[in-house]
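These notes are about the structure you will find just below.
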Amino acid sequence: MILVSKSPFDPGAEANRLQAAHTEAGAMVTFTGLVRSHPDDPITALILECYEDLARNELAAIRDAAMARFGLIDAAIIHRHGRLVPGETIMMVMTLAPHRQAAFDGAQFLMDYLKTDAPFWKQEETAAGLRWVEAKAEDGDAKNRWSR
Amino acid sequence: MILVSKSPFDPGAEANRLQAAHTEAGAMVTFTGLVRSHPDDPITALILECYEDLARNELAAIRDAAMARFGLIDAAIIHRHGRLVPGETIMMVMTLAPHRQAAFDGAQFLMDYLKTDAPFWKQEETAAGLRWVEAKAEDGDAKNRWSR
Amino acid sequence: MKVLYFAWLRERLNRASDEITPPSEIVTLNDLVAWLRARDEALDLAMENPAIFKLSINARIVPGDTPIAGATEIAILPPMTGG
Amino acid sequence: MKVLYFAWLRERLNRASDEITPPSEIVTLNDLVAWLRARDEALDLAMENPAIFKLSINARIVPGDTPIAGATEIAILPPMTGG
């Protein structure tokens with residue numbers, strides 16, 4: 001499942017639903033990304049811009065690549081955009097596999113590719129106004145580890 | 001939180017509860033271990049024996065080590081024992097961290113140590129009777145990667 | 001053909017898209033970007049480090065040497081910060 | 001002092017525990033295991049590969065050279081298969 005939307009979702013319910021759909025899995029990994037506010041530099045919201053058509057296409061391609069590479073039983077990506085406040089869930093990836101290492105590796109692979117190839121752009125909303133979040137060089141490095 | 005018990009638990013509800021308890025986290029990882037039945041070699045149940053006092057002590061020590069090593073905001077381990085049927089959740093680890101790599105590494109560390117140092121022993125129940133699950137050499141290897 | 005701009009690139013240009021009709025000598029995406037930059041100083045400045053941008057044709061990320069034949073929607077994508 | 005046996009070790013011995021009073025020359029856990037094996041053929045056979053077992057004192061896993069002074073509950077633990 002690939003879901004790109006402005007709507008909130010319930011991460012625990014999504015995980016339970018995916019788990020219940022498969023009985024041959026021995027391992028499930030979820031990653032959830034949350035809006036965090038640093039006490040020393042508080043934000044009031046995170047505003048995500050998205051190119052929806054491209055997001056759906058690229059996330060589907062990343063998911064297919066992970067399924068094949070790690071022999072996953074299933075994988076899902078949910079990603080919100082719009083205005084989110086601290087504590088809200090931004091996105092989630094889930095992997096189901098026969099054994100644990102494939103589930104962990106699949107989830108990390110999905111996150112590493114998603115960070116550099118999924119068309120979302122974050123702005124932090126603070127008392128002083130809006131500021132674009134800069135891409136991290138380490139995200140490109142993390143993705144490159146899978147081509148070694 | 002460390003929970004060792006024969007009672008079923010709801011993995012999605014547990015994840016949501018831990019997530020809601022912390023607003024400074026940017027990343028959460030969960031691992032869920034499930035009873036799987038292979039179509040070519042079906043089992044009717046998995047029976048887990050446990051040394052409860054030791055399990056609580058060792059799981060608490062593993063959790064403390066992961067919290068300190070990866071700078072986690074919180075971590076939890078839930079592990080069932082007794083008789084579980086295919087599809088049931090055996091155990092779950094959860095990690096909350098400021099950023100994603102610490103959350104992933106913390107969860108993998110917890111799983112690698114749990115596989116070799118948590119006093120649970122599995123028996124597979126099949127039409128032919130009970131058989132002990134053998135420990136995997138790779139589990140010891142996985143744990144050893146953290147001391148490199 | 002439509003060109004889409006996102007995030008801070010969109011802000012720098014004060015618009016989210018352009019409707020364009022490139023001349024026939026424009027064959028690849030890289031040709032197109034060079035042509036767009038030559039006719040728009042704000043875009044030229046915003047893309048002074050062109051290697052950081054990804055490019056897409058019809059909502060798929062593709063390399064810069066991809067021909068634009070058949071393209072109806074092109075996008076210039078600043079470094080992404082999802083997840 | 002109580003000694004606990006788990007999983008297939010418990011099955012091989014047909015009991016889950018022993019109540020023991022080791023002689024005073026038994027100082028470490030390794031000494032105790034050697035003493036237990038010498039007086040019980042089934043245990044001796046079951047532990048023919050002693051390196052695979054972990055040992056605990058008072059519900060904490062400890063190295064074999066740990067003194068047993070103060071121990072009230074000792075366990076011999078076959079390779080674990082949790083998770």
Side-chain angles (χ1 to χ4, degrees), chain A residues 9-40 42-43 46 73 85-101 103-105 107-112 114-115 136 138-139 141-142 145, chain B residues 9-40 42-43 46 73 85-101 103-105 107-112 114-115 136 138-139 141-142 145:
Chain A
F9 64 94
D10 178 332
E14 295 292 342
N16 281 353
R17 188 174 4 249
L18 191 73
Q19 180 181 327
H22 300 276
T23 56
E24 66 292 27
M28 178 166 178
V29 168
T30 74
F31 176 91
T32 312
L34 309 163
V35 182
R36 66 189 286 253
S37 184
H38 331 232
D40 48 329
I43 65 167
L46 199 61
I73 292 165
V85 298
E88 276 196 87
T89 303
I90 306 168
M91 51 75 60
M92 184 176 196
V93 307
M94 299 181 266
T95 55
L96 271 168
H99 300 289
R100 83 179 184 285
Q101 199 56 52
F104 270 120
D105 289 346
Q108 288 226 47
F109 175 96
L110 288 175
M111 285 308 301
D112 290 346
L114 190 151
K115 282 273 176 186
K136 290 181 199 146
E138 69 195 52
D139 287 334
D141 297 344
R145 65 181 156 186
Chain B
F9 64 94
D10 178 332
E14 295 292 343
N16 282 353
R17 191 174 2 252
L18 192 72
Q19 179 181 328
H22 300 276
T23 56
E24 63 298 22
M28 178 164 178
V29 168
T30 73
F31 176 91
T32 312
L34 310 163
V35 182
R36 67 189 284 253
S37 184
H38 330 235
D40 49 328
I43 66 168
L46 199 62
I73 292 165
V85 298
E88 277 196 89
T89 303
I90 306 168
M91 51 76 60
M92 185 178 196
V93 307
M94 299 182 266
T95 55
L96 271 167
H99 300 289
R100 84 177 183 286
Q101 199 56 52
F104 270 119
D105 289 347
Q108 288 227 47
F109 176 95
L110 288 175
M111 285 308 302
D112 290 345
L114 190 152
K115 282 273 175 185
K136 290 183 199 143
E138 69 194 50
D139 287 334
D141 297 344
R145 65 183 155 183

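Both backbone and side-chain heavy atoms feed into the values below; hydrogens, waters and symmetry mates do not. From a predicted model like this one, the values you see are computed outputs, not experimental measurements. Just so we're on the same page: letters track the sequence lines, and every chain starts at 1.
- Using a 4.5 Å cut-off between heavy atoms, A/P98 touches chain B through backbone and side chain atoms alike.
- Heavy atoms of B/V93 lying under 4.5 Å from chain A are absent altogether.
- Residues of residues 13-21 of chain A that come closer than 4.5 Å to chain B, counting heavy atoms only, are A/A13, A/N16, A/Q19, ordered by residue number.
- B/Q101 places none of its side-chain heavy atoms less than 4.5 Å from the side chain of A/E138.
- With a 4.5 Å cut-off on non-hydrogen atoms, A/P86 does not touch chain B at all.
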List, one per line, each side-chain donor-acceptor pair under 3.5 Å for residues 22-32 of chain A, sequence neighbours excluded.
residue : atom : partner : partner atom : Å
A/H22   : NE2  : A/D74   : OD2          : 2.8
A/T30   : OG1  : B/T30   : OG1          : 2.5

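- Neither the backbone nor the side chain of A/I90 comes within contact range of chain B; no heavy atom of the residue lies under 4.5 Å from a heavy atom of that chain.
- With chain A as partner, the option from B/H99, B/K115, B/M92 having the largest number of non-hydrogen pairs under 4.5 angstrom is B/K115.
- The candidate with the highest count of non-hydrogen atom pairs below 4.5 Å against chain A, out of B/P39, B/A142, B/A103, B/G12, is B/G12.
- Interatomic distance, CG of A/L114 versus CZ of B/R100, reported as 9.0 Å (0.5 Å rounding).
- Neither the backbone nor the side chain of B/H38 comes within contact range of chain A, judged by heavy atoms closer than 4.5 Å.
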